[in-house]
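Working notes, beginning with the structure itself.
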There are 2 protein chains.
Amino acid sequence: MSERTERVGPPSRGGRKRDHSRDAVILEATLDVLAESGFDGMTIDMVAVRAGAARATVYRRWPTKIDLVLDAVKRLAPGPAELERLPDTGSLRGDLVASMQPDTSEESERRVRVVAGLQSIAERNEDIAAVLTGGGTEPWIEANRILIRRAVDRGEYGPVDVDALAQVLPLMCTCRVAVQRLPITPEYAIGLIDAVLLPAMRSTSKEKFG
Amino acid sequence: MSERTERVGPPSRGGRKRDHSRDAVILEATLDVLAESGFDGMTIDMVAVRAGAARATVYRRWPTKIDLVLDAVKRLAPGPAELERLPDTGSLRGDLVASMQPDTSEESERRVRVVAGLQSIAERNEDIAAVLTGGGTEPWIEANRILIRRAVDRGEYGPVDVDALAQVLPLMCTCRVAVQRLPITPEYAIGLIDAVLLPAMRSTSKEKFG
DNA sequence: CAATTACGATATCCACGAGTATCGGATCAG
DNA sequence: CTGATCCGATACTCGTGGATATCGTAATTG
């Protein structure tokens, strides 16, 4: 977490406790607004209203807009435990379809929209850029890397370019939402798997053509 | 073109002519600033300074910031003639490599950055969204569609899912620049062609796996 | 030359949003 | 109860940027 406005100096004698359960509400509201309006279009007031709080309450916990957004985006990054719980159905296709299931939900569409809405500020803010790579496409690509490597190891496919193939689904889906402004339906996701990724896996790319 | 501030009423008797050769300079400056700072980060003053003009000169030709950006983005859309001049080397790989050549240039990286920088405003402005689909990834996808269809027609490959495969290179390259913030090197482009697209072409996706 | 318009530069108006300050009411510790 | 702190609400400051207006100068027509 980025530095809050915690009281450090005087060991206070009492007073109303800060209701920390509202942190999550405010951060969720921040992500909602970010997904809808982007960083520049988002105002602290929008966040406060959506969270049912006062602007002062937000500023009491995060000193600047940037700090608020940083903490909010950190919620997007999957924990290491997330990568441990990858599906294991026995076939690559089964694993991919299972792992894409949450990606066709609204929850994950918001994630992509947040990433898209932070591009402009990421250009000028090192911290935002850093937290974006961690919470954006990279974990998703890493998950695909694991699934593909596992399929190759168990002999389901021959040797392939794991790094290149692991990027196909995450990058294409991200671009579809962020740039083409189209939803990731289960049909589209499965279509990509069956028409692009799995066919590419089947033909090992040893021979080149001139 | 969107409506300018052209004089229409009084048949004027004379006066200094508007130097229309500077339109292009201003619009190019607009694209440069858009690519660097996005729509919200761009100010009319940045554009004017980069174009070596005064703000008043810009406002004399385009009434609002939106109008200026609309005209600028229209310059990104390739004319119909562009799609007629697609490479024809005899092999799909040759065509793809040749057609990707300009995409690895700075010129084309700017195009993608402009598209990325306009996402936030496109969410709220119908006109921007419309002109973006025309000048963004769609023409690029269409070009790939033509190349792939041609290769199938000449018997170089069996039947494939043309629409899905035509999106692979444009979407992945766009996302790499706009989201991952990495350059499109010739190595990366050719790597995609050899490790993803052509392998996927080779194995026709008739059989499915459960 | 005179009238007219474009141009560069600059001043100005205006709206908006980040961040601060204040206030009344609520909630805790002692 | 008392003092300290949180909360919601509101007013406020202040910088920025879109848009307009003005002015002196340059170019063009008659």
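Quick note on labels: first sequence line is chain A, next is B, and so on, each numbered from 1.
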Which parts of residues 40-47 of chain A get close to DNA chain C, meaning a heavy atom less than 4.0 angstrom away?
A:M42, A:T43, A:I44
Among D:dA19, C:dC7, C:dG8, find the nucleotide with the atom closest to the side chain of B:A54.
C:dG8
Kindly write out the residues that satisfy side-chain hydrogen bond (donor to acceptor under 3.5 Å, both in side chains) with B:T43, not counting sequence neighbours, or none if the list is empty.
none
When you measure from every atom of DNA chain D, which of residues 115-127 of chain A have a heavy atom less than 4.0 Å away?
none
Apply the salt bridge (charged side-chain N to carboxylate O under 4.0 Å, His left out) test between A:R61 and each candidate in A:D23, A:D71, A:D19; give the one that qualifies.
A:D23
5'-most contact on DNA chain D (nearest-nucleotide basis), B:R55 vs A:R55, goes to A:R55
Partner set under side-chain hydrogen bond (donor to acceptor under 3.5 Å, both in side chains) for B:R149, not counting sequence neighbours:
none
Of the nucleotides C:dG8, C:dA6, D:dC6, which has the atom closest to the A:R18 side chain?
D:dC6
Interatomic distance, A:D67 CG vs C:dA18 C1' [rounded to whole Å]:
13 Å
Tell me, please, which residues at least two apart from A:V179 pass side chain to side chain contact (heavy atoms under 4.5 Å, CB included).
A:C175, B:V115, B:Q119, B:T137, B:T174
Any residue meeting side chain to side chain contact (heavy atoms under 4.5 Å, CB included) with A:I146, in chain and number order, not counting sequence neighbours
A:L86, A:E142
Return the set of residues passing side chain to side chain contact (heavy atoms under 4.5 Å, CB included) with B:A122 (not counting sequence neighbours), or none when no residue passes.
A:R181, B:I128, B:A129, B:L132
Of all residues at least two apart in sequence or in a different chain, which pass the side-chain hydrogen bond (donor to acceptor under 3.5 Å, both in side chains) check with A:D127?
none
Does C:dG8 have its OP1 or OP2 closer than 4.0 Å to a side-chain nitrogen or oxygen of B:R22?
yes
Any side-chain donor paired with an acceptor under 3.5 Å for B:S120 and B:D40?
yes
Using a 3.5 Å cut-off and no angle test, enumerate the donor-acceptor pairs between side-chain atoms of residues 45-52 of chain A and protein atoms at least two apart in sequence or in another chain.
unit_1, atom_1, unit_2, atom_2, d
A:D45, OD1, A:R55, NH1, 3.2
A:R50, NH2, A:E36, OE1, 3.1
A:R50, NH2, A:E36, OE2, 3.2

Would A:R113 and A:E109 count as a salt bridge (charged side-chain N to carboxylate O under 4.0 Å, His left out) if you check the C-alpha gap in whole Å, the side-chain angles of each, and the deciding distance to 0.1 Å?
CA-CA 6 Å; A:R113 291 202 176 284; A:E109 181 162 332; 3.6 Å; yes
Would you classify B:A48 as touching base, sugar-phosphate or nothing, given that sugar-phosphate means primed atoms plus P, OP1 and OP2, and contacts are heavy atoms under 4.0 Å?
nothing
Face-on cation placement of A:K65 at A:F39 ring, 6.0 Å and 45° thresholds:
yes
Taken to the nearest whole Å, OH/A:Y59 to P/D:dT10 is 17 Å
Considering the terminal five base pairs at each end of the helix from C:dC1-D:dG30 to C:dG30-D:dC1, what angle separates the two local helix axes, rounded to 10°?
10°
Whole Å only: how far is the CZ atom of B:R61 from the C1' atom of C:dC7?
9 Å
Side chain to side chain contact (heavy atoms under 4.5 Å, CB included) partners for A:Q101, two or more places apart
none
Give every pair of a protein N or O atom and an N or O atom of nucleotides 22-28 of chain D that lie under 3.5 Å apart, one pair per line with the distance.
unit_1, atom_1, unit_2, atom_2, d
D:dT28, O2, B:G15, N, 3.2

Heavy-atom closest contact (A:I184 atom, A:A189 atom, distance)
CG2-CB, 4.4 Å
